[in-house]
Amino acid sequence: MTQTTPQTLTLTRPDDWHLHLRDGAMLQAVLPETARHFGRAIIMPNLVPPVVTGAQAAAYRDRILAALPGDMSFEPLMTLYLTEDTDPGDMAAAHASGLIKAVKLYPAGATTNSASGVRDFDKVRPVLEKMAEIGLPLCVHGEVTDSDIDIFDREAVFIDRVLDPVRRATPGLRVVMEHITTANGVDYVKANAADLGATITTHHLIINRNHILVGGIKPHYYCLPVAKREEHRLALRAAATSGDARFFLGTDSAPHTNPNKESACGCAGCFTATNTMALLAHVFEEDGALDKLEGFASKNGPAFYRLPENDSTITLVKQDAPTAFPEKIESGEGPVTVFDPGFPVHWTVQA
């Protein structure tokens with residue numbers, strides 16, 4: 001990172017290691033919001049139907065590239081959705097070709113479009129063993145879905161009941177704990193140095209569960225995993241700003257139209273692609289860690305995925321006046337509200 005003045009930061013171009021782009025009209029609308037600032041992103045495969053084969057991943061990549069504006073440069077890093085019917089041979093071939101960079105584990109029913117996820121982990125053991133053999137990372141949505149487990153405890157229980165046993169049974173399996181939301185998640189990463197990393201979202205650094213519930217339900221702050229107590233938010237902030245290379249940015253930016261968010265059974269997800277880098281600069285400055293922002297956003301992720309860093313840069317500028325972010329992004333399916341941090345932000349990405 002080069003700091004030319006206290007008001008300007010030039011960073012290696014960042015990547016987003018957890019991104020939802022959807023498909024069709026929504027893809028067309030939201031892709032430029034990411035490509036404007038990010039060089040690459042790990043693309044989530046939870047479409048309907050999900051992306052479960054190499055051929056489907058190739059077709060989805062082609063649709064993403066076709067939607068990319070001609071004046072933008074962006075590389076989608078494709079993933080496969082792990083099911084109990086995943087073919088280890090097809091997966092390995094897709095990885096060997098350079099097409100896929102990870103496989104995504106959704107426990108069945110854990111989040112949006114996760115009905116095809118895993119219920120019986122014994123059925124995916126051959127896939128996990130092949131992944132360990134070829135060094136292909138497993139990206140984990142780390143929540144149990146048992147009806148008797150409180151939604152605020154699902155991440156901690158998943159670590160104990162599922163993740164730790166899976167890792168012990170599959171030596172060498174490289175795992176990314178995606179969008180961790182608890183001190184439990186932070187502590188588990190710190191205690192397990194080998195083959196383990198974790199992404200942290202922008203919104204989980206900013207909101208706790210009070211933001212969702214106090215003064216009325218705020219549907220645009222509702223996400224899964226749900227935001228937790230303030231002590232957990234502070235643990236995430238400490239991890240993100242620590243300089244520990246095992247933690248890196250994965251926004252989990254997840255577009256839903258306003259009617260789908262503001263309904264009697266609203267969808268889970270915060271859309272942060274538009275303003276993530278400015279919000280991160282605010283957070284890291286607030287915690288006295290601007291010198292750690294480049295590692296978190298631009299360097300730690302490529303190191304874990306064994307990819308080169310981007311060879312271009314972006315520049316963040318701090319202004320006297322608050323930055324005006326759009327309230328929403330229009331799509332062919334309807335408006336998508338941009339995440340509102342609830343406080344003025346003075347950083348912006350220089351055009």
Side-chain angles (χ1 to χ4, degrees), residues 1-19 30-42 68-77 101 197-206 236-253 271-326 329 338-339 341 343-351:
M1 177 185 74
T2 303
Q3 185 165 344
T4 55
T5 75
Q7 303 299 111
T8 302
L9 290 172
T10 297
L11 312 175
T12 301
R13 192 177 183 191
D15 299 304
D16 186 347
W17 299 97
H18 184 147
L19 177 67
V30 302
L31 175 57
E33 300 302 299
T34 288
R36 187 174 296 121
H37 300 154
F38 294 90
R40 298 167 293 196
I42 287 282
L68 185 67
D71 61 346
M72 287 184 164
S73 173
F74 175 75
E75 181 183 1
L77 305 175
K101 297 298 189 288
T199 59
I200 302 175
T201 77
T202 312
H203 54 280
H204 285 121
L205 294 173
I206 293 172
L236 298 177
R237 293 256 302 220
T241 61
S242 68
D244 189 324
R246 291 169 291 188
F247 300 102
F248 41 96
L249 174 64
T251 67
D252 194 18
S253 182
F271 181 69
T272 57
T274 301
N275 54 0
T276 272
M277 290 310 301
L279 298 184
L280 289 178
H282 177 100
V283 166
F284 276 65
E285 181 184 36
E286 200 169 58
D287 286 12
L290 276 175
D291 61 323
K292 303 295 196 303
L293 177 56
E294 186 175 47
F296 179 71
S298 309
K299 292 180 174 290
N300 299 348
F304 183 89
Y305 277 91
R306 300 171 180 170
L307 294 171
E309 296 172 11
N310 292 312
D311 58 8
S312 57
T313 61
I314 66 168
T315 297
L316 288 148
V317 177
K318 189 177 183 184
Q319 311 167 129
D320 291 335
T323 303
F325 302 110
I329 301 299
V338 175
F339 178 78
F343 48 75
V345 176
H346 292 263
W347 289 92
T348 188
V349 179
Q350 190 173 65

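- Here the rule is side-chain contact (heavy atoms from CB on, under 4.5 Å) with Phe339, and of Ile206, Thr274, Thr202 only Ile206 fits it.
- Each of Thr199, Thr272, Thr201 was scored for a side-chain contact (heavy atoms from CB on, under 4.5 Å) with Thr251, with one residue passing: Thr272.
- Nearest approach of Ser253 to Phe271, heavy atoms of both residues: OG-CD1, 3.3 Å.
- The ring pair (Phe, Tyr, Trp, His ring centres under 6.0 Å) test applied to His282 returns Phe343, not counting sequence neighbours.
- At least one donor-acceptor pair under 3.5 Å links the side chain of Asn300 to the backbone N or O of Gly295.
- At least one donor-acceptor pair closer than 3.5 Å links the side chain of Glu294 to the backbone N or O of Thr12.
- Of the possible polar contacts, one joining the Asp15 side chain to the Arg40 backbone as a donor-acceptor pair under 3.5 Å is found.
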List the steps and the verdict of side-chain contact (heavy atoms from CB on, under 4.5 Å) for Leu19 and Phe38. CA-CA 11 Å; Leu19 177 67; Phe38 294 90; over 6 Å; no
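- Not counting sequence neighbours, Arg13 has no partner by the side chain to side chain donor-acceptor pair (under 3.5 Å) test.
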Decide yes or no on side-chain contact (heavy atoms from CB on, under 4.5 Å) for Arg36 and Val349, but give the supporting numbers first. CA-CA 9 Å; Arg36 187 174 296 121; Val349 179; over 6 Å; no
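- Taking the six-membered ring where the residue is Trp, the centroids of Phe304 and Trp17 are separated by 6.0 Å or more.
- Within the 4.5 Å cutoff, the side chain of Leu307 has heavy atoms near those of the Leu77 side chain.
- Ala297 and Met277 get closest at one heavy-atom pair: CB-CE, 4.0 Å.
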Can Leu31 and Met72 be said to form a side-chain contact (heavy atoms from CB on, under 4.5 Å), step by step? CA-CA 10 Å; Leu31 175 57; Met72 287 184 164; over 6 Å; no
Please assess Leu293 against Leu316 for the test side-chain contact (heavy atoms from CB on, under 4.5 Å), listing each intermediate value before the final yes or no. CA-CA 11 Å; Leu293 177 56; Leu316 288 148; 4.1 Å; yes
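- With Phe284 as reference, Thr241 is the one residue of Thr241, Leu9, Asp291 to meet the side-chain contact (heavy atoms from CB on, under 4.5 Å) rule.
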